**Student:** 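Let me begin by handing over the structure; questions about it come next.
Just so it is clear, the structure is predicted and the values come from calculations on it, not from any experiment.
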Amino acid sequence: MKTAQPDSQAALVASQDVTGAKVYSRNHEQVGDIGHLMIDQHSGKVAYAVMTFGGFLGMGEEEQAIPWNSLRYDAGLDGYVTDITPEQLQNAPERPRGWERDRQYETRAHDHFGVPYYW
């Protein structure tokens, strides 16, 4: 994976460069990988990074949509850092079928992770 390095001139990154990026805790321990992004069709804002975590060699992995604004890029790690804890990931609200169109679920998820709503 080639991650675009932010600089003072450019603030854009290609989605293909975010997919597969590592996600680290604030202690720089890897907690997962970004599987894909969810983008709000109306505003064009990235709403979520769907992160894979847990498991071993791809087996038993779980997915969790984490609010995009809970991540910040760290050039030194060539990945994203979050304050979301493993316990928050494990205890996150269950994603119902059609969660990406369920504002009540989104509200619960943002409240659970303690980040402002993207909308």
Side-chain angles (χ1 to χ4, degrees):
M1 178 191 74
K2 178 184 155 199
T3 302
Q5 299 295 318
D7 63 31
S8 61
Q9 300 299 313
L12 300 177
V13 61
S15 61
Q16 68 192 28
D17 293 333
V18 176
T19 300
K22 304 293 183 208
V23 179
Y24 299 93
S25 70
R26 68 179 105 143
N27 298 330
H28 298 174
E29 296 173 6
Q30 185 180 344
V31 294
D33 300 283
I34 296 176
H36 61 276
L37 301 177
M38 299 296 292
I39 301 168
D40 182 282
Q41 291 185 74
H42 301 289
S43 69
K45 292 180 181 178
V46 175
Y48 300 96
V50 177
M51 187 177 81
T52 58
F53 64 97
F56 181 70
L57 298 175
M59 297 178 63
E61 283 185 333
E62 295 183 53
E63 278 190 342
Q64 182 60 49
I66 60 172
W68 179 250
N69 57 7
S70 68
L71 299 168
R72 61 189 177 284
Y73 183 75
D74 184 309
L77 293 171
D78 192 26
Y80 293 85
V81 175
T82 186
D83 289 332
I84 291 175
T85 66
E87 293 78 23
Q88 284 177 301
L89 286 171
Q90 291 295 329
N91 297 316
E94 186 175 328
R95 288 183 297 155
R97 178 180 221 134
W99 68 271
E100 63 278 0
R101 294 177 302 280
D102 183 343
R103 188 67 82 195
Q104 290 179 350
Y105 164 78
E106 290 187 285
T107 299
R108 285 192 309 274
H110 277 75
D111 291 346
H112 175 77
F113 291 121
V115 296
Y117 308 135
Y118 72 89
W119 59 92

**Student:** Side chains of H28 and L77, heavy atoms from C-beta outward: is any pair under 4.5 Å?
**Tutor:** yes

**Student:** If you compare all heavy atoms of T19 against all heavy atoms of G35, which two are closest, and at what distance to 0.1 Å?
**Tutor:** CG2-O, 3.1 Å

**Student:** Against L71, only a single residue in V81, V46, I34 fulfils side chain to side chain contact (heavy atoms under 4.5 Å, CB included); can you say which?
**Tutor:** I34

**Student:** Restricting to non-hydrogen atoms, name the atom on E61 and the atom on G54 that form the minimum distance, rounded to 0.1 Å.
**Tutor:** CG-O, 3.4 Å

**Student:** Among D74, V31, V18, find the one that has a side chain to side chain contact (heavy atoms under 4.5 Å, CB included) with Y80.
**Tutor:** V18

**Student:** For S70 and T82, indicate whether the former's side chain and the latter's backbone hold a donor-acceptor pair under 3.5 Å.
**Tutor:** no

**Student:** Hey, is K45 close enough to D40 for a salt bridge, meaning N to O under 4.0 Å?
**Tutor:** no

**Student:** How about R97: does its CZ atom have over 12 heavy atoms from other parts shown lying under 6.0 Å from it?
**Tutor:** no

**Student:** From E100 CD over to R95 CZ, what is the distance, rounded to the nearest 0.5 angstrom?
**Tutor:** 9.0 Å

**Student:** Strictly distance-based, threshold 3.5 Å: is any side-chain N or O of D102 a donor or acceptor partner for the main-chain N or O of G98?
**Tutor:** no

**Student:** Compare all side-chain heavy atoms of I66 with those of L89 and state whether any distance is below 4.5 angstrom.
**Tutor:** yes

**Student:** Do H112 side-chain atoms and R108 backbone N/O form a donor-acceptor pair below 3.5 Å?
**Tutor:** no

**Student:** Please round to the nearest 0.5 Å and tell me the distance separating atom CZ of R101 and atom CD of E106.
**Tutor:** 11.0 Å

**Student:** Look up atom CG in L12 and atom CG in D17, then write down how far apart they are to the nearest 0.5 Å.
**Tutor:** 11.5 Å

**Student:** If you compare all heavy atoms of Q88 against all heavy atoms of D83, which two are closest, and at what distance to 0.1 Å?
**Tutor:** OE1-O, 3.9 Å

**Student:** Where do F113 and P67 come nearest, in terms of heavy atoms and distance?
**Tutor:** CD1-CD, 3.5 Å

**Student:** Could you identify which residues cluster with W119, counting Ile, Leu, Val, Met, Phe, Trp and Tyr as linked when any side-chain heavy atoms lie under 4.5 Å apart, either directly or through a chain of such contacts?
**Tutor:** M38, Y48, V50, W99, Y105, Y117, Y118

**Student:** Measuring from H36:NE2 to T52:OG1, what's the distance to the nearest 0.5 Å?
**Tutor:** 10.0 Å

**Student:** Search all heavy atoms of A49 against all heavy atoms of W68 and return the closest pair with its distance.
**Tutor:** CB-CE3, 4.0 Å

**Student:** Determine, using the 4.5 Å side-chain heavy-atom cutoff (strictly less than), whether Y24 and I84 are members of one ILVMFWY cluster.
**Tutor:** no

